[in-house]
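Below is one structure, written out as structure tokens; comments come after it.
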Amino acid sequence: MLAKHYGEAVAGSGDILGKMCLVVGLGNIVTLYVLMCLSNIALSSVRIQGNITLGGLFPVHLKGAENCGVFDANGFQRMEAMIYALQQINNDDNLLPGVTIGATLLDSCKHDTHALDQAMSFVTSTRIDGDITCSDGKPPEGYEPRQPTIGVVGAASSPVSAMVANILRLFKVIPQVSYASTSSELSDKSRYGYFLRVVPPDTYQAQAMMAVVKEFGWTYVSTVASAGNYGEKGIEAFKNLTRDTDVCLATSEVIGRDSVDADYDQVVEYLNDSVARGVVVFASEHDTERLLAAVQRANLVGRFNWVGSDDWGNKYTPVENFKEVAEGAITLSHSADQDIGFKDYFLNLDPLEHINDTSWFKEYWEVTFNCKFYRENHRVGRSINVSDDQTPLVTEIRTCNGSESLEKDTFRHEGKVPFVIDAVYAFAHALHIMHSELCNNTRGLCPEMDTIDGALLLEYLNRTTFEGKSGSVRFNQFGDRPGSYQLYQFRKVSDGSMEYVPVGTWDDHLVLNRSLLHWGKFEDEVPESICSPPCAEGLMTQKLKTEKCCWICIQCKENQILQDEFTCRNCSEFKMPTADKRVCIDINGEYLRWNEAFSIIPSVLSLIGIFFTLFTIFVFIKFHDTPVIRASGRELCYVLLAGILLTFMSPVVILAPPSNVICGLRRVLLGIPLVISYSALFTKTNRVYRIFNSGKRSVKRPQYTSPRSQIVICSLLVSVQMIGTIVWLVFLPPEVTREKAAWNRVILDCSVSDLAEVTSLVYAMFLVLLCTIYAFKTRKMPENFNEAKFIAFTMYTTCIVWTAFIPIVVGTSSTDYKIQQCLLCLSVIVSASVTLCCIFVPKLYIVLLAPHKNRKQPGVVLNSRLQKSMGGSMDSKTNNGDVRLARPMPSIGPTSHTASSEVDMKEEGSSDSEDDFNRKHNDHDLLRALNSMDSTRV
């Protein structure tokens with residue numbers, strides 16, 4: 001069968017000898033160019049005879065150290081696809097009737113300079129045979145005149161296509177249609193005017209790859225490109241797309257031409273230095289394979305997730321030995337349906353029908369079945385491989401006998417085969433349109449098509465539209481085909497093998513079936529490829545200046561919320577952020593609550609004080625007319641008890657939750673109860689002091705010593721504080737203020753400063769000072785007049801308490817309001833308790849526990865001077881007007897430690913004279929008179 005489509009096979013091997021040849025161009029145009037004159041037939045080719053000849057460039061061999069390397073089964077399959085397409089066209093009577101298309105198929109070896117050498121044969125074929133001579137005037141050695149090439153199918157890689165297109169454009173005679181070159185550079189018509197392609201350019205492929213990256217949520221990826229137009233231009237297009245997205249590039253590596261393993265290892269090292277897991281690969285098939293090998297050598301299996309370009313596509317060559325490294329890779333391939341006819345055609349090829357040492361199909365057969373065809377002096381070959389420890393391994397290779405069979409189950413349809421067929425059909429359809437218009441649909445070639453102009457054929461190619469194996473084929477103004485891609489994932493399938501599984505398509509937008517994705521043993525879900533993880537709730541994202549996709553997470557300040565992802569904003573006063581830092585909320589006002597220790601202790605003490613005060617009032621009322629109660633100055637005692645009761649009640653108001661009413665009551669009850677108490681004490685001590693002083697100087701009664709006068713005086717003293725408090729309330733109305741103690745604490749308190757609070761107590765302190773002074777002046781009263789001493793002790797204690805209170809209150813204002821309020825309450829309670837205990841406990845003791853002392857003793861006589869000072873008279877008088885005692889008494893008046901005085905009188909028969917008696921007991925008489933004033937004047 002091979003003989004049927006290999007009309008003529010011409011091949012050879014040898015060195016290419018370059019000679020400068022002078023070619024005289026057609027007409028009046030003389031063109032000087034370099035022609036590689038051949039010796040010993042350096043070109044390996046397959047020629048198919050026909051009325052019209054197309055050229056074909058295929059990578060039958062890979063790039064070697066110098067020119068061609070090992071055999072490439074995929075490239076060979078593409079070449080066979082062109083032969084198959086020509087057979088289909090030539091057998092189709094509806095397409096170019098009576099016209100057959102032949103071909104000259106050459107091996108590009110995936111090497112741009114080698115392909116350039118090969119492409120020169122296409123150019124020389126367009127010249128008239130007699131025009132080609134060497135410097136000696138003779139035709140090049142081995143040169144045979146052949147039919148001119150009117151168009152070229154190929155090449156595969158973009159660098160090779162670009163090199164060939166430059167030569168073809170230079171002579172403007174041969175249009176070129178590529179089946180695999182995707183570099184965006186080839187869309188430049190000013191440089192590649194005769195170039196077209198049936199695959200979309202990399203600009204579309206870059207868009208498809210960007211769509212995949214964004215679909216996976218990757219924002220930080222690395223890129224690897226092969227040096228040259230295909231890789232570098234493709235990655236450049238991808239980079240341009242990142243400018244309008246949130247995708248950043250971690251590192252961009254370029255695999256240089258002729259790189260060695262160490263270069264690939266260096267690329268992998270750079271990739272591993274980045275935190276990015278996603279790697280976009282715009283590299284050739286050969287570079288991709290060696291890149292995966294370097295990853296495996298670095299023991300980084302599962303470290304990267306690949307997105308491969310169409311040159312990786314769904315090919316098995318790059319991943320055959322590195323399946324675990326490539327597992328999960330998403331690759332792109334141009335959308336195309338497999339051609340069942342080509343599969344049947346290829347599987348039916350028989351190497352025994354055409355055994356020739358120069359046949360590429362024979363070489364394919366040997367590689368596929370690991371055998372060798374019989375050659376002279378070589379019946380059995382040997383294959384030398386290298387083990388992991390660099391030990392040579394010699395393997396015997398059997399002889400091919402032709403009985404081997406290509407199985408349908410093992411045949412793998414090469415991805416670019418449909419595009420090769422479409423490229424051939426593009427020429428066929430263009431020629432058919434030309435034939436229809438120039439030959440009026442006659443069979444065979446007409447004279448107008450004996451010589452086909454390349455520029456005219458290019459016009460017909462641009463007009464061509466047809467449904468091919470890869471879909472609708474048409475060319476835009478740039479000679480490109482609109483983009484359409486099939487997405488594959490290299491993954492493990494149900495039987496445990498690794499296969500390329502179709503997972504989606506891209507045609508201006510991405511359609512991805514996520515249910516088909518499988519990431520292997522390393523990942524259960526789509527892996528992340530990010531520079532920095534998302535910031536936790538409540539943290540601000542601060543991007544780094546050098547990289548927009550990398551950031552650090554910063555905690556907003558305590559009183560700030562996240563205005564947006566990248567900005568913190570302060571909450572307004574008396575507001576605080578929520579736990580998620582999203583909104584500001586009002587701070588609940590804080591105040592001293594009843595269930596706290598700072599409230600419980602003062603409250604309990606206050607209630608105890610209230611109870612004992614009420615108990616004292618009850619006792620005074622019940623024993624209102626007893627001598628002790630009468631002698632104590634009942635009216636002022638009641639005033640004093642009222643002040644003490646209000647003082648004990650003031651802590652309850654101080655500790656109550658703040659409100660406008662409570663704040664007003666605080667102002668009233670903080671100062672007025674104290675003023676009431678100390679006004680009564682001041683009036684009492686002042687009265688005692690004036691009576692004693694007046695009694696010593698004169699018998700005239702002191703003014704304003706009656707109970708009514710004392711009440712008036714006390715009321716006037718209290719009114720001063722009340723007037724001041726009313727003025728304070730009017731000009732500074734009470735209100736509740738919110739004081740920010742911390743970013744998340746607001747204290748509810750009354751609008752009274754510490755200074756104002758202390759100022760409100762100045763008048764009370766002034767009264768305390770006066771009471772203390774008068775208590776000090778009456779300290780030398782007879783020892784039995786103990787009330788003055790108790791008052792003095794009360795005043796001394798009060799002075800100490802309030803002297804300590806002022807610095808304590810001021811000092812604790814900046815620490816804790818609870819301590820401050822508690823200390824204020826305790827100071828008030830201590831003051832009231834001291835007054836209650838020192839003034840009234842002795843009286844209660846006599847009234848309740850020593851009633852025998854609470855009786856009036858008769859028989860007291862005073863001299864007329866005391867009588868006058870008391871404002872009254874006695875029944876028993878002497879001739880000189882002195883009051884005389886009717887009889888000697890051991891004691892006069894009620895026995896008391898408070899207001900009574902126990903006077904020891906001189907008994908009758910004493911040796912002391914009456915004058916000595918009166919002098920010694922004058923002070924006793926004054927005390928007794930003082931007590932009698934309260935006990936007799938009702």
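Not measured: the values here are computed from a predicted model.
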Legend entry - From CA spacing to verdict: salt bridge (charged side-chain N to carboxylate O under 4.0 Å, His left out), Arg738, Asp586: CA-CA 12 Å; Arg738 297 165 64 88; Asp586 290 329; 5.6 Å; no
Legend entry - Distance-only polar pair, side chains of Thr737 and Glu735, donor-acceptor under 3.5 Å: no
Inset, instruction - Before giving the answer on side chain to side chain donor-acceptor pair (under 3.5 Å), spell out for Asp311 and Ser309 the whole-Å C-alpha distance, their side-chain angles and the decisive distance to 0.1 Å. - result: CA-CA 6 Å; Asp311 209 39; Ser309 61; over 6 Å; no
Legend entry - Heavy-atom donor-acceptor pair, Thr613 side chain to Leu645 backbone, under 3.5 Å: no
Inset, instruction - Tell me if the SG of Cys531 lies under 2.5 Å from the SG of Cys549. - result: no
Inset, instruction - Give a yes or no answer on whether the side chain of Arg582 reaches the backbone of Ile561 with a donor-acceptor pair at less than 3.5 Å. - result: no
Legend entry - Atom of Trp743, atom of Pro577 and distance for their closest heavy-atom approach: CZ3-CD, 3.9 Å
Inset, instruction - Spell out, as yes or no, whether a donor-acceptor pair under 3.5 Å connects the side chain of Thr505 to the backbone of Gln486. - result: no
Inset, instruction - Any chance you could lay out the side chain to side chain donor-acceptor pair (under 3.5 Å) test for Asn570 and Gln560, step after step, and finish with the verdict? - result: CA-CA 4 Å; Asn570 290 333; Gln560 290 183 331; 2.8 Å; yes
Inset, instruction - Any chance you could measure Cys825, atom SG, to Leu823, atom CG, to the nearest 0.5 Å? - result: 9.0 Å
Inset, instruction - Quickly, which of Asn321, Val325, Leu291 forms a side-chain contact (heavy atoms from CB on, under 4.5 Å) with Gln296? Name it, please. - result: Val325
Legend entry - Ion pair Lys740/Glu573, N-O distance below 4.0 Å: no
Inset, instruction - Please work out which of the three classes, parallel, tilted or perpendicular, describes the rings of Trp306 and Phe304, given edges at 30° and 60°. - result: tilted
Legend entry - Polar side-chain atom of Ser529 near backbone of Ala276 as donor-acceptor pair, under 3.5 Å: no
Inset, instruction - Scan side-chain atoms only and decide if Asp287 and Tyr264 contain a donor-acceptor pair under the 3.5 Å cut-off. - result: yes
Legend entry - Side-chain (Ser599) to main-chain (Asn595) donor-acceptor, under 3.5 angstrom: no
Legend entry - Side chain Tyr678, main chain Met765, donor-acceptor under 3.5 Å: no
Legend entry - From CA spacing to verdict: salt bridge (charged side-chain N to carboxylate O under 4.0 Å, His left out), Glu499, Arg491: CA-CA 6 Å; Glu499 300 290 343; Arg491 48 158 292 189; over 6 Å; no
Inset, instruction - Would you please classify the geometry between the Tyr500 ring and the Phe490 ring as parallel, tilted or perpendicular, with 30° and 60° separating the classes? - result: tilted
Legend entry - Reference residue Tyr230; test side chain to side chain donor-acceptor pair (under 3.5 Å); the match among Asp202, Thr182, Asp310: Asp310
Inset, instruction - Using only heavy-atom distances, determine whether the side chains of Thr251 and Ser222 contain a donor-acceptor pair under 3.5 Å. - result: no
Inset, instruction - Please work out whether the ring planes of Trp218 and Phe216 are parallel, tilted or perpendicular, with thresholds of 30° and 60°. - result: tilted
Legend entry - Asn513 side chain to Ser515 side chain, donor-acceptor N/O pair below 3.5 angstrom: yes
Inset, instruction - Inspect cysteines Cys550 and Cys248 and report if their side-chain SG atoms are under 2.5 angstrom from one another. - result: no
Inset, instruction - Spell out, as yes or no, whether a donor-acceptor pair under 3.5 Å connects the side chain of Gln721 to the backbone of Val718. - result: no
